[in-house]
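Note sheet for the following structure.
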Amino acid sequence: MKLKPFLTILCLSALLWSSDRAVAALPDRAERPWKARWISSGTTPEQPNTWLNYRYTADLPALPSSVVARIGADSKYWLWVNGRLVVFEGGLKRGPNPQDTYYDEVELAPYLVKGKNTIAVLLWYFGKPSFSHNDSGKAGLIFDCQTADFDILSDETWKCETNAAYGTCDKPDPNFRLAESNIRYDGRKSDDAWYMPSFDDRDMTRAVDNGPAGCRPWNKLVKRPIPLWKIGELRDYASQRRSGDSIICTLPYNAQITPYIKLKAHAGDTVKIMSDNYLVYNGGDNYLRCEYIAREGLQSYENLGWTNGHKIYYVLPKGAEAVELKFRETGYDTEFTGEFECSDPLYNKFWKKALRTLYLTMRDTYMDCPDRERSQWTGDAVNESGEAFYVLSESAALLTRKWLHDLAGWQKTDGVIYAPVPSSNWDKELPGQVMASLGFYGLWNYYWYTGDRQTLADVYPAVQRYIALWKKGNKGTMLLREGGWNWGDWGTDIDIVPLQNCWYYLMLKGMRNTAQILGKKEDAKRYAEQMSALKQAFNAHINEVVLGVGDKATAIGGQNVLPFHTFDAEIKNAPKIGVELTDFGMEEYTMPGEKEFYAGCETVVD
């Protein structure tokens, strides 16, 4: 096995941890007051999966070197300036807390000219509750660009109307955890040039003024804390094959993609597009798919709602001809920097798949899965954030920072912290996952790799309030906390009380370290004392058993054995006996080295 990858990982870890390369704290500065207004369509009902076109012509007397626009949207947007695409899927799912909304900062200077400029925005309003987005109940856009020479501000002088080509597929709908809808795009109703400067927008209706920045239902505008997405070019699939009415296209790897088709068809022909995850690996739930209704002749379509999978299926009606099939990969803007390589191809492949899996579960938040839920289950985020420090560039740490601020921002008034957040149809606490997130392997691990003291200070009060909810029993260990969903692991006979005590200890350990960094000496002392007391009480519950007699006697169990790692204790009775119970036959042992280990044995017991 090569040593270079191991050294690479160590060097990467040290680089991320060094104070001079630390992740910058959230900016603490007075923002320029907003002048723009929230605007929407006055003729569009607030319903799920609404798409709106916005247009505005700005006459600019000068062209500064930097022109930054602040853009808030409910829920996602695509921005063109003078017919050039500037932002592909801007906006973040609401929100940083149960009330507020994110906004983006976008540099426009490279796309502007002196004189007349066309600003066009396509807005996608999700309009339904989910496990990853806090529905406001209203579609809206706010566009605020202020310079010394001119302002470009959204108001009732902008044009806004429904994009009639967008609709929703027939049932089944995506499951209730997803904010997105199944998109049906009718090419017969589309005007592909609506965002171009040459488009005549005199018949478009004026936008409706919904109020200033800070108004309900969007409330305070919070700067986007993570980068805009990394957007790739349209590219060919790794392979294609025909099967009946379907063309099955293989992706180079499981990725977040938008599918594209160029086809010859008759008006009304319908193309159905879905991934293998929708068809096969669906976990018993409905995922996302899309449809395109053709107009007459040669045409092309890219579905803007991203999907993922290993294969993309294009189901074509009889007579329709697929001229070109491509995909565009999009995703979180970070680079693959960690390395691993060994002499075994299986382990090399496993590592690459693990890296791809990590990247696939990053976007607006960390996700448990990119298809069924797209939800930030906080126990998953603990694992994902820890992995990210080893294999991804520093920008990945910004998503970890966002996750920790999300937990604190969504804390209930009674001190309960829950996940997934952001959400609008879930509010149940999972005690084990929350403690893992707030403790040594969550909040503290983030600081260990970044040196971001400000985030420790921001989240610390929320953790203090959560710790105060836990109760101690008369034997000194922590009592079971049911929370909203007392999930400890899959399976049966879960030792949930010992698990909760271990996670509570690790939460104390993280808070002791955090208090020391923040200069809260009395807090640090109190947490250290609580750790010591819990360690002693926990270990007193573990029985010691002596097997054999005389010089053959072996003590197992007892103090300091089970929790020796978790509780940082000395190992009094180190484990000496290992027993493997299995119902596998010998033929089941196929991993490298296993057959050699059991060579000559008829059964595992031998």
Do other residues, nucleotides or ligands put more than 12 heavy atoms under 6.0 Å from the [atom1] atom of [X]?
| X | atom1 | result |
| --- | --- | --- |
| Lys326 | NZ | yes |
| Asp200 | CG | yes |
| Arg241 | CZ | no |
| Phe350 | CZ | no |

Between [X] and [Y], what is the shortest heavy-atom contact and its length?
| X | Y | result |
| --- | --- | --- |
| Leu52 | Ser41 | CD2-CB, 4.0 Å |
| Ser424 | His133 | OG-O, 2.9 Å |
| Thr205 | Cys160 | OG1-O, 2.7 Å |
| Pro227 | Tyr332 | CD-OH, 3.4 Å |
| Asn210 | Cys215 | O-SG, 3.6 Å |
| Leu288 | Pro174 | CD2-CG, 3.5 Å |

Any sub-3.5 Å donor-acceptor pair from [X]'s side-chain atoms to [Y]'s backbone N or O?
| X | Y | answer |
| --- | --- | --- |
| Asn486 | Gly483 | no |
| Lys230 | Thr334 | yes |
| Asn303 | Pro259 | no |
| Lys76 | Leu123 | no |
| Ser243 | Ile248 | no |
| Asn182 | Arg289 | yes |
| Ser385 | Ala397 | no |
| Ser393 | Glu335 | yes |
| Thr378 | Ala419 | no |
| Glu324 | Asp236 | no |

Taking [X] first and then [Y], would you say they form a salt bridge - that is, a charged N and a carboxylate O separated by under 4.0 Å?
| X | Y | value |
| --- | --- | --- |
| Arg235 | Glu233 | no |
| Glu180 | Arg374 | yes |
| Lys138 | Glu46 | yes |
| Arg94 | Asp100 | no |
| Lys35 | Asp151 | yes |
| Glu89 | Arg363 | yes |
| Glu302 | Arg328 | yes |
| Lys93 | Asp135 | no |
| Asp285 | Arg177 | yes |

Do [X] and [Y] have side-chain N/O donor and acceptor atoms under 3.5 Å apart?
| X | Y | value |
| --- | --- | --- |
| Asp155 | Thr157 | yes |
| Asn175 | Asn286 | no |
| Glu384 | Thr361 | yes |
| Asn49 | Gln47 | no |
| Tyr292 | Gln299 | yes |

Q: From the options His310, Lys353, Glu329, select the one residue that forms a side-chain contact (heavy atoms from CB on, under 4.5 Å) with Tyr253.
A: Glu329
Q) Is the Lys NZ or Arg CZ of Arg55 less than 6.0 Å from the centre of Trp158's six-membered ring, within 45° of the axis? A) no
(Q) Both conditions, 6.0 Å and 45 degrees, for the charged tip of Lys412 above the ring of Trp410: are they met here? (A) no
Q. Among Tyr418, Tyr366, Trp403, Trp426, which residue meets the ring pair (Phe, Tyr, Trp, His ring centres under 6.0 Å) test with Trp377?
A. Trp426
Q) Can you name the one residue among Tyr103, Tyr102, Trp38 that meets ring pair (Phe, Tyr, Trp, His ring centres under 6.0 Å) with Trp218? A) Trp38
(Q) I'd like to know whether Lys116 forms a side-chain hydrogen bond (donor to acceptor under 3.5 Å, both in side chains) with Thr57, so could you lay out the CA-CA distance, the side-chain angles of the two residues, the decisive distance to 0.1 Å, and finally the verdict. (A) CA-CA 6 Å; Lys116 293 189 180 299; Thr57 300; over 6 Å; no
Does [X] have its ring centroid less than 6.0 Å away from the ring centroid of [Y]?
| X | Y | result |
| --- | --- | --- |
| Phe143 | Tyr56 | no |
| Trp194 | Trp80 | yes |
| Phe131 | Phe176 | yes |
| Tyr260 | Tyr301 | no |

Are [X] and [Y] close enough that some pair of their side-chain heavy atoms sits under 4.5 Å apart?
| X | Y | result |
| --- | --- | --- |
| Thr258 | Thr307 | no |
| Phe327 | Leu234 | no |
| Met274 | Ile312 | no |

Q.
Here's a test for you: under salt bridge (charged side-chain N to carboxylate O under 4.0 Å, His left out), which of Arg32, Lys223, Arg224 qualifies with Glu105?
A. Lys223
Q: Among Asn163, Thr162, Asp191, find the residue that satisfies the side chain to side chain donor-acceptor pair (under 3.5 Å) test when tested with Asn53.
A: Asn163
Q: Hey, can you tell me if Trp51 and Trp124 have their rings parallel, tilted or perpendicular (30° and 60° cut-offs)?
A: parallel
Q: To the nearest 0.5 angstrom, please state how far the CG atom of Leu404 sits from the CG atom of Asp458.
A: 10.0 Å
Q: Could you check Tyr359 against Phe336 for ring-ring contact (aromatic ring centres under 6.0 Å, His included), going step by step and ending with a plain yes or no?
A: CA-CA 9 Å; Tyr359 184 64; Phe336 295 175; 5.4 Å; yes
**Q.** Residues Tyr287, Glu373; criterion side-chain hydrogen bond (donor to acceptor under 3.5 Å, both in side chains); working and verdict
**A.** CA-CA 9 Å; Tyr287 295 173; Glu373 301 188 25; over 6 Å; no
